[in-house]
Amino acid sequence: MNAWGSAVDPVLWREGLDWAAAFADFARPRLDRLAAAGVNLGGGGGVELLYLLTRLIRPALALETGVAAGWSTSAILAAMRANESGLLLSSDFPFFRLADPERYIGYVVPDDLKRRWTLRTKGDRRNLEEFLLPDTRVDLVHYDSDKTRNGREFFLRRVRPHLTNRHVIVMDDIQDNLVFREYAERQRAFRVFEYEGKYIGVAGAGLPALERRRP
C-alpha cells in the first residue's frame, strides 16, 4: 500500500500518513479508556488509503458501511475538509450486547468534522433504501459491514446503479470469501493490499485514471 500510494501521489500520501498518525494520538486514549471499562470498539484499517482516495477523487458523495468507532469515517471526512467539498453517508447497526450501543457508533469522529456526515443505524438493507434514491450518484464506496457472501453480493447489486463513471470501491477483509475476487475480475483494474494480516481490495471505473497520475 505504501509503495502504491507513494507512486500515485507522494505529496498527498504523506499528507494522509501524517493525518493518520495525528488522529491515532487523538483516538487511542479515548478508546483505551473505553476498553478499560470493558467496551472494545476495535481499531482502524487502511485509513491512510481512504484519506488518499478521498483527496484524489474529490467525491461529491461517498458511501460507507460499517462505522464502528469511526476511524474510516474520520479519514474520509478529514480529507473532505481538506478538499472543501463532499458529503459522506454512513450505514451501521448497533452492537446490542452493549448498553446504549448507539452512542458508540462513530465514537472517535471529531465534532468539527461532522457537518458533512449523515449517519443511519438501522442496518444496511434499511439504510441503503434511505440513502440510494433514484437520482443518487456515488463516487467513493467503503464497504466494511456484513462480510458474508450474501451481504457483500447484496450490497454490490444494490449500489451498482448509483455508481458514477469515476467511482472507486474499497472493500475490507476480502480474504473471508471470493466475492471481491469475482467482482474485480470484471473490472478494468483492481488492487489488493495487505494490512495488518488482512487484505483490502480496491476496484472501480475510476481506478485507472488515478493510476495514470503516477509521475
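Numbering of residues begins at 1 and proceeds along the displayed sequence.
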Would one find more than 12 heavy atoms of other residues, nucleotides or ligands at under 6.0 Å from atom [atom1] of [X]?
X: E84; atom1: CD; value: no
X: R137; atom1: CZ; value: yes
X: R149; atom1: CZ; value: yes

Would you find a donor on one side and an acceptor on the other, under 3.5 Å apart, between the side chain of [X] and the backbone of [Y]?
X: D9; Y: L12; answer: yes
X: D92; Y: T121; answer: no
X: R30; Y: F26; answer: no
X: H162; Y: V159; answer: no

Next on the checklist: Count I, L, V, M, F, W, Y as connected when their side-chain heavy atoms are under 4.5 Å apart, and connections chain through other members. Are I200 and V8 then in the same cluster?
Outcome noted: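 Yes, same cluster.
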Item to check | side-chain contact (heavy atoms from CB on, under 4.5 Å) assessment of D144 paired with E64 | outcome: CA-CA 7 Å; D144 192 23; E64 72 164 343; over 6 Å; no
Checklist entry - Is the shortest side-chain N to carboxylate O distance from R166 to D139 below 4.0 Å? => result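 A salt bridge links R166 with D139.
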Just by distance, with hydrogens left out, do [X] and [Y] show a side-chain donor and acceptor under 3.5 Å apart?
X: E48; Y: W19; result: no
X: T148; Y: D146; result: yes
X: T73; Y: W117; result: no
X: Y51; Y: E15; result: yes
X: S145; Y: D124; result: yes

Item to check | L50 versus S72, closest heavy-atom pair with distance | outcome: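 Shortest heavy-atom separation between L50 and S72 comes out as CD1-CB, 3.4 Å.
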Item to check | Shortest non-hydrogen contact between S74 and V109, atoms and distance | outcome: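 Heavy atoms only, the tightest pair is OG-CA, 3.4 Å.
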Checklist entry - Can the positive tip of R152 be found less than 6.0 Å from the middle of the six-membered ring of F180, inside 45° of the ring normal? => result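 Not flagged: R152 not positioned over aromatic ring of F180.
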Checklist entry - Taking the inter-plane angle between the rings of F23 and W71 on a 0 to 90° scale, is it parallel (under 30°), tilted (30 to 60°) or perpendicular (over 60°)? => result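 Rings of F23 and W71: perpendicular, as their planes differ by over 60°.
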